[in-house]
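For reference, the structure discussed in these notes is given below.
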Amino acid sequence: MAAAGAGCLCRCGAELTATKLRWGLAVEELERDRLLDIAAGCGGIDLQFTPAP
């Protein structure tokens, strides 16, 4: 994968994860496994979110 594509994938994976955490949304096993695969190739990304009221 090209570097630009990898960066986009990392950012999108992090944003999706933050949204799920913010709203307390469930994640299916296959989705979780894919997000973990993406995160493994991203290096250190600080994930910040504010829980929804």
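Minimum interatomic distance between V27 and E31 (heavy atoms only, all atoms of both residues): CG2-OE1, 3.2 Å. Here the closest heavy-atom approach between residue C10 and residue G41 is recorded as SG-O, 4.4 Å. The shortest non-hydrogen separation linking A18 to F49 is O-CB, 3.9 Å.
Note that CG of L21 is 12.5 Å distant from CD of Q48, once rounded to the nearest 0.5 Å. Note that CG of L16 and CZ of R11 are 13.5 Å apart. Values are rounded to the nearest 0.5 Å.
The local environment of CG in L25 is crowded, with over 12 non-hydrogen atoms from other residues, nucleotides or ligands closer than 6.0 Å.
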- Message: Between R34 and I38, is the side-chain contact (heavy atoms from CB on, under 4.5 Å) condition met? List the steps.
- Response: CA-CA 6 Å; R34 182 64 180 131; I38 291 169; 3.9 Å; yes
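Under the 4.5 Å side-chain criterion, counting only non-hydrogen atoms from C-beta, K20 is not in contact with L35.
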